[in-house]
**Student:** 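There's a structure below that I have some questions on.
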Amino acid sequence: NDALSGEFLTMVSFCLIPLAFESITFCVMNSLDMEYKAFVNGIIGYLVLWAVCLISYSAFSLLVLAVAYFLSYLTITVLHLICIKRKTGLTFSFISPLIKCVVITFVTFILSHNLFAITSALHPFLSLCISGGVSFVFYIILVLIFKVFDLESVGIKQISANRIKKPAQI
């Protein structure tokens, strides 16, 4: 059924983020000669998938399956990161900004979804432009408010009052 497939793909689309991280960390594990641990982490993650499905057996739906996949990939990724940290001794200073970005993205998604629903009476392109534009500006504002990135590290330097040159006196 095409409608059911589309509905499932819509629900499971948020799994792409942990799936991407799982794939990257899996490759790092392989390059560190930790293939067996990567395999064991995968088995544990898929056991989480089955556990969620079995726990919610009486109320099983496509949403439950999507959440189960999400938790499975997330579990595998966290286990991979723990193994990589133990093997290499690296610090993961990017985790805090990453969590902030994910939370901000979720909030922005809710705003975008609701704005699109509110403006659905308009032409679809106009509705998309309004919800997308407002969401983009909202995301940028939240990133700046919560200082997710150091602006100097991405090449944007603040202009201080003493760095501004005064015009020459004639």
Side-chain angles (χ1 to χ4, degrees), residues 1-120 124 127-128 131-132 134-143 145-149:
N1 187 345
D2 289 338
L4 195 59
S5 299
E7 185 179 337
F8 177 69
L9 288 174
T10 301
M11 287 183 203
V12 82
S13 64
F14 65 90
C15 291
L16 290 177
I17 295 171
L19 176 62
F21 282 118
E22 188 272 333
S23 297
I24 292 167
T25 55
F26 181 79
C27 291
V28 172
M29 295 269 295
N30 285 341
S31 68
L32 293 173
D33 293 328
M34 300 174 71
E35 293 89 356
Y36 179 74
K37 286 186 180 182
F39 175 75
V40 170
N41 291 345
I43 295 296
I44 293 170
Y46 290 117
L47 286 174
V48 168
L49 171 92
W50 283 99
V52 171
C53 290
L54 290 175
I55 288 171
S56 59
Y57 179 75
S58 61
F60 190 77
S61 67
L62 289 178
L63 181 61
V64 170
L65 185 60
V67 169
Y69 270 111
F70 178 82
L71 292 175
S72 170
Y73 293 138
L74 188 64
T75 303
I76 295 169
T77 301
V78 168
L79 291 174
H80 284 347
L81 287 173
I82 290 170
C83 289
I84 291 168
K85 183 174 179 155
R86 285 183 183 164
K87 176 86 173 192
T88 62
L90 293 175
T91 60
F92 293 116
S93 60
F94 65 90
I95 295 293
S96 175
L98 181 67
I99 291 171
K100 287 180 185 178
C101 281
V102 168
V103 170
I104 290 171
T105 301
F106 181 72
V107 171
T108 306
F109 167 75
I110 292 172
L111 172 71
S112 176
H113 182 69
N114 289 331
L115 274 176
F116 190 77
I118 290 170
T119 60
S120 63
S127 180
L128 182 66
S131 63
V134 170
S135 297
F136 175 74
V137 170
F138 183 72
Y139 184 84
I140 297 298
I141 289 171
L142 287 180
V143 164
I145 288 173
F146 291 107
K147 298 179 182 175
V148 174
F149 301 109

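Hydrogens, waters and symmetry mates play no part in the numbers below; they use all other heavy atoms, side chains included.
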**Student:** Using a 6.0 Å cut-off, check whether atom NZ of K37 has over 12 heavy atoms from anything other than its own residue.
**Tutor:**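 Open.
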
**Student:** Counting only heavy atoms not in Y139, do more than 12 sit closer than 6.0 Å to its OH atom?
**Tutor:**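 Correct, the count exceeds 12.
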
**Student:** How close do L90 and K85 get, counting heavy atoms only, and between which atoms?
**Tutor:**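 Between these two residues, the closest heavy atoms are O-CG, 3.4 Å.
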
**Student:** Quick check for you: to the nearest 0.5 Å, what is the distance between F26 atom CZ and M34 atom CE?
**Tutor:**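 Rounded to the nearest 0.5 Å, the CZ-CE separation comes out at 12.0 Å.
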
**Student:** Give me the ring orientation class for H113 and F109: parallel if the planes are under 30° apart, tilted from 30 to 60°, perpendicular past 60°.
**Tutor:**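 It falls in the parallel class, under 30°.
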
**Student:** Between L111 and V107, is there a side-chain heavy-atom distance shorter than 4.5 Å?
**Tutor:**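 Result no, sub-4.5 Å side-chain heavy-atom pair not found.
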
**Student:** To the closest 0.5 Å, what do you measure between OG (S120) and CG (L115)?
**Tutor:**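 S120 atom OG to L115 atom CG measures 11.0 Å (nearest 0.5 Å).
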
**Student:** For F116, check ring pair (Phe, Tyr, Trp, His ring centres under 6.0 Å) against everything at least two apart and list the hits.
**Tutor:**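 Scan of F116 (ring pair (Phe, Tyr, Trp, His ring centres under 6.0 Å), adjacent residues dropped) gives none.
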
**Student:** Out of curiosity, H80 NE2 to N30 CG, how far, rounded to the nearest 0.5 Å?
**Tutor:**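 Reported value, rounded in 0.5 Å steps: 8.0 Å.
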
**Student:** What closest approach, in Å, do A68 and V52 show between heavy atoms, and which atom pair accounts for it?
**Tutor:**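 The answer is CB-CG1, 3.7 Å.
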
**Student:** Is I84 close to M29 at the side-chain level, that is, under 4.5 Å between some pair of heavy atoms?
**Tutor:**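 Yes, side chains in contact.
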
**Student:** If the condition is side chain to side chain donor-acceptor pair (under 3.5 Å), which residues does T108 pass it with, not counting sequence neighbours?
**Tutor:**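 Partners of T108 under the side chain to side chain donor-acceptor pair (under 3.5 Å) test: none.
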
**Student:** Locate the shortest heavy-atom distance separating C101 from V148; write the atom from each residue and the value.
**Tutor:**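 For C101 versus V148, the nearest heavy atoms are SG-CG1, 3.5 Å.
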
**Student:** Measuring from atom CG of L65 to atom CG of L49, what distance do you get when rounded to the nearest 0.5 angstrom?
**Tutor:**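 Here the rounded value is 6.5 Å.
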
**Student:** Looking at side-chain heavy atoms only, is the closest gap between V102 and K100 below 4.5 Å?
**Tutor:**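 A side-chain contact is absent here, since even the closest heavy-atom pair is not under 4.5 Å.
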
**Student:** More than 12 heavy atoms of other residues, nucleotides or ligands under 6.0 Å from CD1 of I17: yes or no?
**Tutor:**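 No, not enclosed.
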
**Student:** To the closest 0.5 Å, what do you measure between CG (L19) and CD1 (I76)?
**Tutor:**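 Answer rounded to 0.5 Å: 9.0 Å.
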
**Student:** T77: which residues meet the side chain to side chain donor-acceptor pair (under 3.5 Å) condition with it, sequence neighbours left out?
**Tutor:**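 Once residues adjacent in sequence are excluded, T77 has no partner under the side chain to side chain donor-acceptor pair (under 3.5 Å) criterion.
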
**Student:** About how many Å separate OH of Y36 and SG of C83, when rounded to the nearest 0.5 Å?
**Tutor:**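 Nearest 0.5 Å value for the SG-OH distance: 12.0 Å.
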
**Student:** Nearest heavy-atom pair of S112 and S135: which atoms, and what distance?
**Tutor:**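 For S112 versus S135, the nearest heavy atoms are CB-OG, 3.0 Å.
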
**Student:** Could you tell me how the ring of Y46 sits relative to the ring of Y73: parallel (under 30°), tilted (30 to 60°) or perpendicular (over 60°)?
**Tutor:**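 Perpendicular.
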
**Student:** Going by side chain to side chain contact (heavy atoms under 4.5 Å, CB included), L79 matches just one of T25, I44, L74. Which one?
**Tutor:**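 Of the listed residues T25, I44, L74, the side chain to side chain contact (heavy atoms under 4.5 Å, CB included) partner of L79 is I44.
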
**Student:** Any chance CZ of F60 has more than 12 other-residue heavy atoms, nucleotides or ligands included, within less than 6.0 Å?
**Tutor:**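 Above 12, so yes.
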
**Student:** Is it the case that the side chain of S56 and the backbone of V64 share a donor-acceptor pair, with hydrogens and angles ignored and the cut-off at 3.5 Å?
**Tutor:**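 The answer is no, because no donor-acceptor pair under 3.5 Å joins these two groups.
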
